[in-house]
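So the structure is just underneath, and the comments pick up after that.
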Amino acid sequence: MSKENSFFKKVHDVVKQIPCGKVTTYGEIARYLGTPKSARVVGWAMNAVKGNPEIPAHRVVNKNGLLTGKFHFDGTNLMKNLLENEGIIIKNNKIFNFKEVFWKISIKK
DNA sequence: CCCGTGACTTCCG
DNA sequence: ACGGAAGCCACGG
């Protein structure tokens, strides 16, 4: 209950609302939450949700569109496979059409 | 309260 | 252009 207001919960909530075939960045999420310098915490929150199929953490990449968390899924091309499955082009662990699949966070509460 | 950790980001050389 | 280092914030112990 108390944790419902935690930074993690906010990150989880945002990531869960990422539309299919779209991706976003840690910094964008952090900035949306009001803490643009807490991008690392966002990534850390991803690790906390690792194993939750309801949270598409594979849709969250770094600012350069690089699949930095790829090694955290299973150490293989799982993350790449999931993204490609949504129509996202991955080139050398990086999103080729990053700007095309980039999702601007705009949640209405 | 202090310390360590981390899937980032930015600056400096 | 490339690589290394520092800064950053939140959480757990």
Side-chain angles (χ1 to χ4, degrees):
Chain A
M1 286 306 230
S2 310
K3 294 183 175 184
E4 298 303 299
N5 292 331
S6 298
F7 195 87
F8 279 38
K9 187 61 168 52
K10 297 179 186 175
V11 176
H12 302 166
D13 192 42
V14 175
V15 175
K16 281 192 289 187
Q17 300 187 56
I18 299 178
C20 184
K22 296 279 184 164
V23 297
T24 186
T25 70
Y26 303 96
E28 191 64 28
I29 295 173
R31 190 164 70 81
Y32 169 77
L33 298 177
T35 52
K37 295 173 208 152
S38 303
R40 309 187 82 200
V41 185
V42 177
W44 191 22
M46 295 287 91
N47 190 26
V49 305
K50 176 168 52 71
N52 288 16
E54 307 201 4
I55 304 189
H58 61 273
R59 291 184 189 150
V60 185
V61 295
N62 71 338
K63 209 171 190 178
N64 293 320
L66 187 66
L67 280 59
T68 52
K70 172 190 132 159
F71 297 97
H72 281 265
F73 274 87
D74 69 346
T76 62
N77 55 344
L78 174 61
M79 186 172 183
K80 177 176 179 294
N81 190 14
L82 291 171
L83 293 172
E84 288 185 327
N85 189 30
E86 307 212 349
I88 300 174
I89 309 302
I90 308 300
K91 195 68 172 175
N92 199 7
N93 295 339
K94 194 183 81 181
I95 300 179
F96 191 80
N97 55 345
F98 181 53
K99 59 187 177 189
E100 295 181 34
V101 297
F102 179 73
W103 176 59
K104 175 68 171 64
I105 300 179
S106 54
I107 302 173
K108 24 185 125 87
K109 281 305 196 90

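Here is the naming used below: chain letters follow the sequence lines, and residue numbers restart at 1 for every chain. If you're wondering where the values come from, they're calculated on a predicted model, not measured in any experiment.
The nearest whole Å value for the distance from the NZ atom in Lys63(A) to the P atom in dC8(C) is 17 Å. Remark: P of dC11(C) and CH2 of Trp44(A) are 8 Å apart, rounded to the nearest angstrom. When the P atom of dC9(C) is taken as reference, atom CZ of Arg31(A) falls 16 Å away, rounded to whole Å. In this structure, Asn47(A) places its CG atom 13 Å from P of dG12(C), rounding to the nearest Å.
Across all strands shown, dC8(B) is found opposite dG7(C) as a Watson-Crick or G-U wobble partner, with both distances under 3.5 Å.
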Report the C-alpha separation of His58(A) and Leu83(A) in whole Å, then their side-chain angles, then the decisive distance to 0.1 Å, and conclude whether the side chain to side chain contact (heavy atoms under 4.5 Å, CB included) test is met.
CA-CA 7 Å; His58(A) 61 273; Leu83(A) 293 172; 3.8 Å; yes
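Of all nucleotides in DNA chain B having an atom under 4.0 Å from a heavy atom of chain A, the first and last in 5' to 3' order are dG6(B) to dT10(B).
Looking at heavy atoms from C-beta onward, Val49(A) lies out of side-chain contact with Phe8(A) at the 4.5 angstrom threshold. Put simply, the side chain of Asn93(A) reaches to within 4.5 Å of the side chain of Leu66(A), judged on heavy atoms. Taking 4.5 Å as the limit, every side-chain heavy atom of Ile18(A) sits out of range of all side-chain heavy atoms of Val23(A).
Between the Asn77(A) side chain and the Asn81(A) main chain, no donor and acceptor come within less than 3.5 Å of each other.
Within 4.0 Å of Asn62(A), counting heavy atoms only, lie sugar-phosphate atoms of the nucleic acid but no base atom. Across all strands shown, Ala57(A) has heavy atoms under 4.0 Å from base atoms, whether or not it also approaches the sugar-phosphate. Residue contacts for Phe73(A): at a heavy-atom cut-off of 4.0 Å it reaches a base atom on one of the strands shown.
With both ends at atom C1', the span from dA7(B) to dG13(C) equals 22 Å, rounded to whole Å.
Tested against Leu33(A) for a side chain to side chain contact (heavy atoms under 4.5 Å, CB included), the candidates Val11(A), Asp13(A), Val41(A) yield a single pass: Val11(A).
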